[in-house]
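This report concerns only the one structure given below.
We count residues from 1, following the sequence as given.
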Amino acid sequence: MLNDLSNSGSMAVLEQVMRFAGQRQRILAHNISNIATPGFDQRDVSIPGFQKALSDAIDDRRARNGGSSGDLVLRESDELRTDDNGHLQIFAKTPSGGVLTHDKNNRNLERLMQGLAENAAVYRVASDLMRSRNDTLRVAISQRI
């Protein structure tokens with residue numbers, strides 16, 4: 001029964017978005033920490049690629065059971081994989097698009113900061129929506145409605 005609650009509606013989608021944003025934050029932080037490293041090739045993950053994989057997974061779930069409940073299975077790609085526990089793993093392979101400097105580091109601090117802020121906002125929105133959904137469930141379970 002608890003598995004049905006966590007896999008129904010938008011909960012599974014929000015979980016995948018939070019996992020993606022959390023792992024992307026580590027990649028962006030890694031790029032920032034190596035901003036002065038000569039020869040460092042900054043990488044990121046494809047956001048449109050993740051959005052497409054998530055959209056396809058939602059469509060597959062709807063086609064499988066006709067509704068919005070059930071497991072959400074993302075198709076694996078070069079950048080997206082799931083481990084044995086079904087947790088999303090991302091691998092940064094997309095060039096960051098920075099400017100190649102004299103020390104062969106392709107940095108762009110403004111773009112990195114923009115990506116960091118946007119990614120943090122995505123994580124925050126997803127976590128707020130998940131918290132709201134969990135609060136609704138908690139109230140319903142405690143029969144205070």
- Message: Ignoring hydrogens and geometry beyond distance, is a side-chain donor-acceptor pair present between E118 and Q114 at under 3.5 Å?
- Response: yes
- Query: Does a side chain donor of either Q89 or T82 reach within less than 3.5 Å of an acceptor in the other side chain?
  - Reply: no
Side chain [X], main chain [Y], donor-acceptor under 3.5 Å:
| X | Y | result |
| --- | --- | --- |
| N119 | G115 | no |
| N85 | H87 | no |
| S127 | Y123 | yes |
| S142 | R138 | yes |
| N34 | T37 | no |

- Message: Would you say that more than 12 heavy atoms from the other residues, nucleotides or ligands in this model lie under 6.0 Å from the CZ of R62, or not?
- Response: no
- What do you reckon, is CG of D84 surrounded by more than 12 foreign heavy atoms closer than 6.0 Å? no
- Task: Could you give me the CA-CA distance, side-chain angles and deciding distance for F20 and L54, then say whether side-chain contact (heavy atoms from CB on, under 4.5 Å) is met?
- Result: CA-CA 11 Å; F20 178 81; L54 189 61; over 6 Å; no
- Identify the heavy atoms of D103 and A36 that sit nearest to each other, and give their distance. OD2-O, 4.5 Å
- Note on the structure: In short, L74 meets A57 closest at the heavy-atom pair CD2-CB, 3.7 Å
Within this structure, what is the [atom1]-[atom2] distance for the pair [X] and [Y], rounded to the nearest 0.5 Å?
| X | Y | atom1 | atom2 | answer |
| --- | --- | --- | --- | --- |
| I27 | T94 | CD1 | OG1 | 9.0 Å |
| D71 | D60 | CG | CG | 12.5 Å |
| L137 | I141 | CG | CD1 | 6.0 Å |
| L116 | Q25 | CG | CD | 4.5 Å |
| T136 | N134 | OG1 | CG | 8.5 Å |
| R75 | K52 | CZ | NZ | 7.5 Å |

- Electrostatic pair D135:R131 at N-O distance under 4.0 angstrom: no
- Can you list the steps and then say if M11 with E15 is a side-chain contact (heavy atoms from CB on, under 4.5 Å)? CA-CA 6 Å; M11 295 294 276; E15 179 186 345; over 6 Å; no
Do the side chains of [X] and [Y] join up, straight or via other hydrophobic residues, at under 4.5 Å, putting them in one cluster?
| X | Y | result |
| --- | --- | --- |
| L88 | F91 | no |
| V122 | I32 | no |
| V13 | V73 | no |

- Message: Go through it in stages, so that I can follow the logic: the residues are V125 and V17, the test is side-chain contact (heavy atoms from CB on, under 4.5 Å), and I'd like the CA-CA distance, side-chain angles, deciding distance and then a yes or no.
- Response: CA-CA 10 Å; V125 168; V17 169; over 6 Å; no
List the atom pairs, with distances to 0.1 Å, where a side-chain N or O of residues 38-47 and a protein N or O form a donor-acceptor pair under 3.5 Å, not counting sequence neighbours.
| from | atom 1 | to | atom 2 | distance (Å) |
| --- | --- | --- | --- | --- |
| D41 | OD1 | N106 | ND2 | 3.1 |
| D41 | OD2 | R43 | NE | 3.0 |
| D41 | OD2 | R43 | NH2 | 2.8 |
| Q42 | NE2 | N31 | O | 3.4 |
| R43 | NH1 | K93 | O | 2.9 |
| D44 | OD1 | R24 | NE | 3.0 |
| D44 | OD2 | R24 | NH2 | 2.8 |
| S46 | OG | G49 | N | 3.0 |

